[in-house]
Amino acid sequence: MHPEGKTSLSPRIVDAFMAIVGKENVVYGEQELLVYECDAYTLEKNLPNVVLLPRSTDQISQVVKICAQEKLPIIPRGAGTSLSGSVLAVTGGVMICLSRMNRVLDIDFRNRRALVEAGCVNAWVTNAAKQKGFLYAPDPSSQSACTIGGNVAMNSGGPHTLKRGVTTNHVLGFEIVFPDGEIVWLGTRPDGSEDVPGYDLRGAVIGCEGMFGIVTRVLVKLIKAPQAYKTLLGIFESVDEASQTVSDIIAAGIVPGAMEMMDQMITQAVEAAYHFGFPLDAGAVLIVELDGLAAGLDKQADRVVEICKKNKAREVRIAKSEQERMDLWKSRKRAFGAIGRLSPNFLTQDGVVPRSQLPEIMRFIRQTSDKYGLRIPNVFHAGDGNIHPLILYDERDPQQVKNAVAAGNDILERCIELGGSATGEHGIGVEKIDFMAKQFSKETLDAMKMLRRVFDPETRCNPHKMFPGSKRCGDFAGKKQISA
Amino acid sequence: MSTQAPERFLDYDKSLACIHCGLCLSSCPTYLETGNENDSPRGRIYLMRAVQDGRLPVAGAAVTHIDRCLGCRACEAVCPSGVQYGNLLEHTRDHIEKKHQRSPFQTFLRRVAIEKVFPFPNRLKVALLPARIVKSLGVEPMLPKFAREALSLVPDNANSATLPEVSPARGETRGRLGFISGCAMTAMFGETNQASVRLLNRAGYEVATPKTQNCCGALYAHSGQLELARECARKNIAAFEDGKFDAIIINAAGCGSTLKEYDHLLHDDPVWAERAKKFSAKVKDLTEWMAPEMATCKTKPSDCKVTYHDACHLAHAQRITKPPREIVKAVAGNNYVELAESDVCCGSAGTYNLTEPEMAERLQNRKIENILKSGAQIVVTSNPGCLLQIKAGLKKAGSTVEAVHIADFLDRAACD
């Protein structure tokens, strides 16, 4: 535990917090705080000093004002599903959880938008809108638990963002509490028009990883659910051929709703877990989902089949019913859960490469696997070149732990060399800090820091994330991890 | 904090199957209410592991939050890693009951009221007597709040009709079924048991209800008394073993899930493991058995809106959500409406409303609000605990909505 992370906070301050949010909404004391020592990234851990569960923007503002007076770090937290340690209390501080601010406040179907509290679960937005044929597009694999506020902080994506874009393309505006306690609205207001003059500060905040303030209410865009879907499953002898197919589909001018690939090892594990009917001997399977107007969809599907065949697909199946389509997605979205069947532990990375480099990075991953003697199955958002190599290891063997971390680093470095980046959607958090210096020049990093200081001059809001030179927690032992 | 490593109570591999992803959070009723990670499945597994690793004592935070778990197992149904949460919980509770000193009131509640009364239908009937007298005298307002809450659960028109040992099939006999009569079902919903058997007879099955059966052991297993639960299991296996039954039918979801898990409960017992496996494989919820019969079952259509509440131990522990809906829809037709948060626990959770009355009431209110919003006049469910909890909640809200067991609902509608 970091020496500054001891749970010492003067009773006077705790009392002040209790007066604002209510006694039952203050989590205090070492035993109660233990579960807040990490999020879904479990390699590094530290306790916050206190956790608050406010019910309103006003309560958050009041709490944040006290933190400003007392110079206390603030750590905003949603559901704690981050895979990069984005809500780790690196040096303790006041963790402000949005879990009790989770309502869908209003749905304006005429203007196709919904106003939600930041702690609202991603999937609840679509659930609330679907009876009228609308949906909220960004669909991270953790969508049944992760929060809209967290999505804004991380600019989250998901399989279906290939066609629709990521969070920033679907958030019109939001209310944010700045680190001094001031409440402002950025971007489109709930009752306002969509063209907002001046700088797009909304865009600047999305993806800030919680370092610019605490987002409290979000106005999201709803889209009409596609009239029809056509979901194809291409079965290939090799990852190379499946990767080439992905490039060819995009080159042919077709933009599927999603394009997802699984290699043989992960396909076998997924089949063992969910019994969808995947072939066990295929080198790779590719899920291609076309959506849109029913008219013309068949023609597109024919074209995709043709491209698959040209790349030596052994077989192309088309989902026959909505149930089969749902089962296919369930298998894909829960793929990481099946990893428990292959290995006691795994480490995942979410590097990105240009689509045309997919065959190359897959070859490199195979070499890396041989070099370190660790199995590395792959399941990934092929459509946007976002890979998720799952490096399997056993934490009881220290050498394997070291090798796993080294293999992960090699792969991400190669991604950057190939013109890609170290993260597609999991964010930098504390996990990928070291890659920032590899990806960006000092000048660029300084410019980012300057932008941050505009919003948070004292760098108290979610500190020690993203930038090289930040403090780290000492405890760096191998633990399990999941992929999106 | 305690530093010495305590004796092992958790299956290490089972607890490590949790990869801490957090996908369970939004399915957990207590987390939905408090927003506190300690009250979430991921948080509770973290606490269990911390106790196992000696990072936390068997007291304080760990006990508070593990006690507060409903055991509804909604988390299991959504876990991508297949974590057997129910199993981890039972072993942790077993450990807590051995190592933790409770208050005299909680000890009385758990060791006497729950373990010595509920699992015995005759004792339960006697215990309910004073409660009924108090209710009939109308002196409830004079009681303290916790007693009023407990009392509100006692049904106004409980009936304890018993079943004959064998009930013959109507018409041609298509098969022979065993019937588990249950404790709460026998003591308070005797007529529902009769309706269940009537439905099975009408569908062409002879139904046997062996007198030698006893409590399924669920209340013991859920409150951390695994050895007592195993004893119940052995008696029931023996009671049904020689009957040559096509299936063993149960109409209470909570009992059903425990009956289906006898194989896990006794897997270390060389004499009983195989026999338990055979028994568990035969257990079917009434709705599982009846849903395929609906094609030939004639019913009067219902003339008011009907909705369905998922009992946790049916929806999550047994993953049965479609068959009961097929039955309700077969009767209600277009009058069927889905219930918002239908699979979020109503707060009954076995004896939870006695040990954790505050959270039980919060969840009861949440459930009643959703029922009232649905616009239904009838809410159907498939577990006695849920039925009591929802009936009491509706009464408190002054609502005319009726809560009905699915067997009664179907029996009322059935016609020849």
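Because the structure is a prediction, the values reported are computed rather than measured. Worth knowing before you read on, the calculation uses all heavy atoms, side chains too, and leaves out hydrogens, waters and symmetry mates. The chains referred to below are lettered A, B, ... by the order of the sequence lines, with proteins before strands, and numbering in each begins at 1.
- Side-chain polar atoms of E369(B) and N365(B) form no donor-acceptor pair below 3.5 angstrom.
- A salt bridge links R396(A) with D394(A); the closest basic N to acidic carboxylate O contact falls under 4.0 Å.
- Using a 4.5 Å cut-off between heavy atoms, C146(A) does not touch chain B at all.
- In this structure, G93(A) and N49(A) approach most closely via the heavy-atom pair N-OD1, 2.6 Å.
- Residues E425(A) and H388(A) have side chains that bring a donor and an acceptor to within less than 3.5 angstrom of each other.
- For T34(B), the part lying near chain A is the backbone, with the side chain staying farther off; criterion is any non-hydrogen pair under 4.5 Å.
- Within residues 38-48 of chain B, the residues approaching chain A closer than 4.5 Å by heavy atoms are, in numerical order, N38(B), R42(B), G43(B), Y46(B), L47(B).
- Close placement of the F278(A) and F276(A) rings is indicated, their centers lying within 6.0 Å of each other.
- Residues of residues 92-103 of chain B never come closer than 4.5 Å to chain A when only heavy atoms are counted.
- Residue V83(B) does not touch chain A at all, counting heavy-atom pairs closer than 4.5 Å.
- Taking the side chain to side chain donor-acceptor pair (under 3.5 Å) definition, one finds that R100(A) meets it with N25(A), sequence neighbours left out.
- Looking at D39(A), only its backbone comes within 4.5 Å of chain B, counting heavy atoms on both sides.
- Applying the 6.0 Å contact sphere to CD of E326(B) captures more than 12 heavy atoms from other residues, nucleotides or ligands.
- Note: S26(B) leads S26(B), C24(B), G82(B), C79(B) in heavy-atom pairs under 4.5 Å with chain A.
- For the 3.5 Å distance criterion, the side chains of H267(B) and D263(B) fail to qualify, holding no donor opposite an acceptor.
- Classification of R362(B) and E24(A) as a salt-bridged pair fails, no side-chain N sitting under 4.0 Å from a carboxylate O.
- Annotation for P138(A) and S156(A): closest pair CB-O, 4.3 Å, computed over non-hydrogen atoms.
- For R103(A), the CZ atom sits in a loose shell: 12 or fewer heavy atoms of surrounding residues, nucleotides or ligands are nearer than 6.0 Å.
- In this view, Y336(B) and R325(B), E338(B) satisfy the side chain to side chain donor-acceptor pair (under 3.5 Å) rule, not counting sequence neighbours.
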